[in-house]
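Take a look at the structure set out below.
Worth knowing before you read on, the calculation uses all heavy atoms, side chains too, and leaves out hydrogens, waters and symmetry mates. Note that ligands are numbered from 1 as they come in the structure, with each ligand's atoms numbered from 1 the same way.
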Amino acid sequence: MRKRIVAGNWKMNKTPAEAKALIEVLKPLVGSSEETEVVFCPPFLDIAVAVEAVKGTNIKIGAQNMYYEEKGAYTGEVAPDMLVGAGCEYVILGHSERRGYFGETNEIVNKKVLKALEHGLKPIICVGETLEQREQGITEDLVRLQTKIALKDVSPEDAVKTVIAYEPIWAIGTGKTATNEQAEEVCAAIRKVLTEVYGKEVAEEIRIQYGGSVNAGNAKELFAMPNIDGGLVGGASLKADFSDIVNA
Ligand code: PEP
């Protein structure tokens with residue numbers, strides 16, 4: 001039985017003081033959730049404050065990115081050890097904004113996934129298509145490829161620690177959500193590719209999230225789909241409403 005997971009991607013929002021204030025609002029609402037794993041992914045500079053603020057609750061902290069080298073002359077980058085040392089358990093990798101604005105390729109995402117796992121961080125690996133790709137009918141091909149390359153050389157023991165987030169790019173921050181059926185169709189295709197690579201037993205253990213304008217109104221139906229094990233939430237994770245999504 002896969003434990004549901006709802007993660008909030010705060011993106012480039014909230015100063016450390018604002019992060020602390022938001023966590024104080026959310027903590028009593030989602031802090032004791034047991035059925036659903038709750039993860040907050042604040043910006044790097046808020047991580048220390050966030051780790052401190054969630055102490056004594058079930059909330060986990062994740063980062064939004066990470067570099068694939070251990071240390072050295074990589075100005076502006078953040079290493080896996082730094083995230084582990086700061087108290088992160090998860091790290092979002094390959095978000096479409098990283099791919100789109102910062103040129104992250106599938107191969108870079110794979111390097112990051114391998115490095116994160118080597119350091120005991122659990123990657124939330126984002127995959128998803130643009131509207132143009134959907135209209136061209138290549139969504140499943142693309143998502144299969146993104147998933148397969150991201151997991152290249154990842155052992156079955158490590159694969160079960162990863163979470164795949166299906167995030168259609170046209171649904172991110174646009175208020176347009178994939179229908180339950182569209183989301184389930186692609187998440188089922190991801191489960192299929194995981195089965196091809198790792199076999200049924202491992203594939204059934206890996207959690208798949210849907211992300212893209214999830215809100216308190218649509219979360220319940222999306223999360224009820226057989227291959228959707230929770231959500232990666234952007235905009236709605238910055239408000240008290242996030243608790244309604246977790247409770248969905
Ligand atoms: C995201 O960026 O991961 C996301 C899903 O954003 P939003 O919920 O705002 O669409």
Exercise. Could you tell me whether the side chain of Arg99 and the main chain of Cys126 form a donor-acceptor pair under 3.5 Å?
Key: yes

Practice problem: For the pair Glu196 and Arg144, find out whether any cationic side-chain nitrogen is under 4.0 Å from an anionic carboxylate oxygen. | Solution: yes

Quiz item: Polar-atom distance check: Ile172 versus ligand 1, any N or O pair below 3.5 Å?
Solution: no

Quiz item: With a 4.0 Å cut-off on heavy atoms, does Ala236 reach ligand 1?
Solution: no

Practice problem: Report yes if Thr174 has an N/O atom closer than 3.5 Å to an N/O atom of ligand 1; otherwise report no. | Solution: no

Quiz item: Are any of the side-chain heavy atoms of Pro43 and Met12 separated by less than 4.5 Å?
Solution: no

Self-check item: Test item: Phe223 and Thr36 side chains (from C-beta on) under 4.5 Å apart, heavy atoms
Solution: no

Exercise. Without swapping roles, check the side chain of Gln209 against the backbone of Ile5 for a donor-acceptor pair under 3.5 Å.
Key: yes

Practice problem: Just jot down the ligand 1 atoms closer than 4.0 angstrom to any heavy atom of Gly212, in number order. | Solution: 5 (C), 10 (O)

Quiz item: Is Gly234 close to ligand 1, meaning an N/O of one under 3.5 Å from an N/O of the other?
Solution: yes

Self-check item: Residue of the set Lys112, Glu77, Glu97 for which side chain to side chain donor-acceptor pair (under 3.5 Å) holds with Asn65
Solution: Lys112

Quiz prompt | Subset of ligand 1 atoms that lie under 4.0 Å from at least one heavy atom of Leu232 | solution = 3 (O), 5 (C)

Quiz prompt | Atoms of ligand 1 close to Ala171 [distance to a heavy atom under 4.0 angstrom, numbered from 1] | solution = 10 (O)

Practice problem: Note the single closest protein heavy atom to atom 2 (O) of ligand 1, along with its residue, its atom name and the distance in Å. | Solution: Lys11 NZ, 2.5 Å

Quiz item: Would you say Ser237 touches ligand 1, if touching means a heavy atom closer than 4.0 Å?
Solution: no

Practice problem: Give the residue, atom name and distance (to 0.1 Å) of the protein heavy atom nearest atom 9 (O) of ligand 1. | Solution: Gly235 N, 2.8 Å

Quiz item: Nearest non-hydrogen atom to atom 5 (C) of ligand 1 belongs to which of Gln209, Glu167, Glu97?
Solution: Glu167

Quiz item: What residue and heavy atom of the protein are closest to atom 10 (O) of ligand 1, and at what distance?
Solution: Gly173 N, 2.6 Å

Quiz item: Counting from 1, what ligand 1 atoms have a heavy atom of Asn9 closer than 4.0 Å?
Solution: 1 (C), 2 (O), 3 (O)

Quiz prompt | Minimum heavy-atom distance Gly128-Tyr166, with the two atoms named | solution = CA-CE1, 4.0 Å

Self-check item: Charged N-O contact under 4.0 Å between Arg2 and Glu204
Solution: yes

Quiz item: Within the side chain of Asp158, is there an N or O that forms a donor-acceptor pair under 3.5 Å with the backbone of Leu117?
Solution: no

